[in-house]
Number of protein chains: 2
Amino acid sequence: MSTNDARNRAVTMKDVAAHAGVSRTAVSLVLNGRHDVTLASETRARVLQAAADLGYRPNAGARALAQQRSDWYGLVTEIVTAPFAVEVIKGAQDRASSDGKYLLIASTESDPVAESAAIERLLEQRVEGLIYAATWHRAVNVPEIAREVPTVLVNCFDAEGRYPAVVPDERAGGRRAAERLLAAGHRRIGFVNLDPGIPAAVGRREGFHAALREAGVEPDDLLEISGHATAHGGFDAAAELLELREPPTAIFCANDRMAMGAYDAIKERGLRIPRDIAVIGFDNQELISAYLRPALTTIALPFEQMGSVGVDLLAETTAGESTDTKIVTVDCPLLERSSV
Amino acid sequence: MSTNDARNRAVTMKDVAAHAGVSRTAVSLVLNGRHDVTLASETRARVLQAAADLGYRPNAGARALAQQRSDWYGLVTEIVTAPFAVEVIKGAQDRASSDGKYLLIASTESDPVAESAAIERLLEQRVEGLIYAATWHRAVNVPEIAREVPTVLVNCFDAEGRYPAVVPDERAGGRRAAERLLAAGHRRIGFVNLDPGIPAAVGRREGFHAALREAGVEPDDLLEISGHATAHGGFDAAAELLELREPPTAIFCANDRMAMGAYDAIKERGLRIPRDIAVIGFDNQELISAYLRPALTTIALPFEQMGSVGVDLLAETTAGESTDTKIVTVDCPLLERSSV
DNA sequence: ATGAAAGCGCTAACAG
DNA sequence: CTGTTAGCGCTTTCAT
């Protein structure tokens with residue numbers, strides 16, 4: 001057990017040096033494992049022993065000040081409303097810590113003023129870079145102040161392309177969903193899409209169509225509905241689809257919440273999933289998709305990976321290896337469960 | 001737009017002092033809004049102007065070093081698996097920032113080694129206190145190292161009572177659920193409980209019984225089942241209840257996931273909620289409860305509030321106002337929706 | 001190989 | 001009311 005606690009003045013390098021009978025420099029060198037300078041291995045051992053004896057703990061702030069380098073990245077996100085934010089954080093944190101960097105997380109509520117203030121705070125802490133993450137894929141306006149430090153966007157992008165960004169490959173995801181359904185033999189596939197215009201709706205639809213055409217199926221407008229992106233929206237849209245003269249044998253819901261609603265509409269009609277009608281979702285919102293009956297086959301949004309790729313991009317930029325504002329796209333894998 | 005950016009050496013207080021033609025002390029005094037000393041308001045104005053001109057931004061780390069006070073709290077939690085962690089973070093962050101404190105968030109995966117390491121890291125950053133939050137209410141073993149700094153537990157408690165803690169009032173929650181059902185006229189109420197032994201199961205059951213007895217209803221063992229705490233577990237348990245010779249007219253599910261399963265069991269039998277049978281949940285896992293059809297009436301777990309109370313407790317302890325390890329209990333409100 | 005000394009940006013006594 | 005001085009804990013030349 002260490003000998004210092006919050007009450008006693010913390011053990012410093014000076015104490016360690018004194019205890020080991022060496023200079024502060026020596027201590028610093030040893031403790032930082034600097035092998036570019038050669039020191040007597042006996043000295044090294046003495047220092048290590050002294051540090052252990054005294055329960056020495058480096059002061060990260062002091063080191064940052066001396067080195068002019070904080071080892072911190074700031075992550076700003078709308079944490080409150082975001083079941084997804086957690087995954088981005090997880091991915092970013094893991095990746096960052098493998099680089100010896102830490103994450104300072106600032107949550108905002110998409111209030112631009114609060115957002116700028118939050119970033120200001122991060123800059124006062126001298127973060128070396130910023131990750132700006134959105135909860136749904138879209139164009140964003142990053143506060144100007146973010147330009148003072150390398151910044152990368154996650155699950156969003158700058159309308160004028162001024163920042164590097166990482167976003168999900170919506171198109172490939174839509175294609176993958178369609179292909180899965182086609183592979184199961186479906187030809188009449190209903191599509192319950194999100195609000196038209198947003199990147200997720202556009203991309204998923206494009207991929208969906210591309211896959212259909214490649215399989216020789218012409219997309220049918222009658223089978224496509226844009227619903228309100230909730231369970232209720234999914235319920236209504238699915239109900240509409242099922243009332244068609246020639247109803248689809250499968251439904252692709254552009255998110256899991258709508259799929260949840262579609263399940264209800266389907267079950268209400270006494271139909272069985274997937275025997276009578278197959279359903280595939282998008283997002284992989286675990287809480288829903290894993291617990292629906294039957295469990296929902298869906299396309300996952302790779303939040304964790306986006307977080308980690310975001311940090312990669314940031315590391316590159318910080319290191320000055322690259323200053324171009326490329327947009328990296330990450331794949332949306334299929335999660336096979338039991339609804340197809 | 002400010003005149004400094006990441007490339008140029010940042011503007012320091014010295015620069016501001018020079019620009020304003022005053023001493024560094026004066027700058028420090030003005031910028032910290034110290035009204036205990038009196039300075040010429042003209043000086044004050046000059047300093048402010050200079051700071052603005054130069055785009056001065058205080059260096060939080062340097063200030064912390066000088067003041068021997070970081071203004072940081074560390075929050076450690078199993079973030080990955082936790083849809084709830086976010087809410088605790090939100091509550092804690094809001095409360096902390098109103099005290100001028102920041103939160104350093106460390107996520108662990110309930111691996112004790114990683115956990116100690118994470119705390120070690122926080123201590124290196126010289127956090128003034130620690131909040132240790134669990135994702136489900138239980139007794140925990142906090143790493144010894146946490147003792148070096150004031151620490152409070154959220155949604156968990158130390159088996160030996162060595163730390164102050166804030167936990168949900170499970171008992172009152174269970175009582176509230178029962179009372180709601182009783183108020184709707186139900187007398188035969190099924191109870192699908194969590195794994196026996198855990199605080200949530202024990203407390204909710206006690207409260208449930210207490211309310212029943214007060215209403216003159218004797219708890220009936222036949223109506224109580226401990227299920228696996230998932231949608232499947234809820235499905236099976238509800239099915240069992242519905243097969244009873246005298247089935248219940250309402251079911252209290254000890255969490256929303258089980259309620260989700262119960263819905264399916266109920267609907268499969270052609271029964272309507274709440275007309276034929278009422279359902280009440282616990283936890284208020286929004287993604288589920290708000291989107292089920294009908295939306296689920298449930299008892300909310302007050303994560304956000306626990307986070308904020310946790311910070312309060314920590315502030316007290318840090319300020320030395322209190323060193324006792326009291327356990328604060330916070331209320332679980334009823335969320336009225338449409339299933340009762 | 002080791003130690004002395006300067007400095008990172010800021011605060012806080014204390015003297016003017 | 002202002003300026004000087006001395007740290008805070010650590011890193012990093014630069015002599016020795």
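Computed over heavy atoms, backbone and side chain alike; hydrogens, waters and symmetry mates excluded. Proteins come first, then strands; the chains are lettered A, B, ... in the order of their sequence lines, and each starts at number 1. Remember, it's a predicted structure, so these values are computed and weren't measured experimentally.
For the OP1/OP2 pair of dT11(C) and a distance below 4.0 Å, the side-chain nitrogens and oxygens of Arg63(B) include at least one atom meeting the criterion. In terms of phosphate contacts, Asn32(A) brings a side-chain nitrogen or oxygen within less than 4.0 Å of OP1 or OP2 of dT11(D). When the side-chain nitrogen and oxygen atoms of Ser28(B) are compared with OP1 and OP2 of dC10(C), none of them lie within a distance under 4.0 Å. OP1 and OP2 of dC10(C) both lie 4.0 Å or more from every side-chain N or O belonging to Gln68(B). Within the structure, every side-chain polar atom (N or O) of Thr12(A) is placed at least 4.0 Å from both OP1 and OP2 of dG9(D).
Of the two residues contacting DNA chain D, namely Val22(B) and Ala62(B), the nearest-nucleotide position lying further toward the 5' end is that of Val22(B). Positionally, the nearest nucleotide of DNA chain D for Gly21(B) lies more toward the 5' end than for the other of Gln67(B) and Gly21(B).
Residue Arg24(B) contributes atom CZ, which lies 14 Å from atom P of dA12(C) at whole-angstrom precision. Atom CZ in Arg126(A) sits about 11 Å away from atom C1' in dC10(C), given to the nearest Å. Summarising the geometry, the separation between CG on Leu31(B) and P on dA12(C) is reported as 14 Å, rounded to the nearest angstrom. Counting to the nearest Å, the P atom of dG9(C) and the CE atom of Met13(B) are 12 Å from each other. Residue Gln125(A) contributes atom CD, which lies 13 Å from atom P of dC10(C) at whole-angstrom precision. We find that CD of Glu124(B) is positioned 10 Å from P of dC10(D), with the value rounded to whole Å. Remark: C1' of dT11(D) and CG of Leu29(A) are 9 Å apart, rounded to the nearest angstrom. Rounded to an integer number of Å, the gap from Asn59(B) CG to dC8(C) P is 12 Å.
The one candidate from Leu153(A), Leu314(A), Leu313(A), Asp158(A) that meets the side-chain contact (heavy atoms from CB on, under 4.5 Å) condition with Pro164(A) is Leu313(A).
Between His137(A) and Phe157(A), the ring-plane angle classifies as perpendicular under the 30° and 60° cut-offs.
Distances from the side chain of Thr25(A) to the nucleotides dT13(D), dC10(C), dG9(D) place dT13(D) closest. Here dC8(D) is the nucleotide among dT11(D), dC8(D), dG3(C) with the atom lying nearest to any side-chain atom of Leu65(B).
The backbone N or O of Tyr73(B) sits nowhere less than 3.5 Å from a side-chain atom of Glu128(B) that would complete a donor-acceptor pair.
The residues Arg162(A) and Glu144(A) are annotated as salt-bridged, a charged nitrogen and a carboxylate oxygen being separated by less than 4.0 angstrom.
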Audit row: Lys101(B), Arg95(B), side-chain contact (heavy atoms from CB on, under 4.5 Å) steps and yes/no: CA-CA 9 Å; Lys101(B) 303 289 185 189; Arg95(B) 183 68 186 74; over 6 Å; no
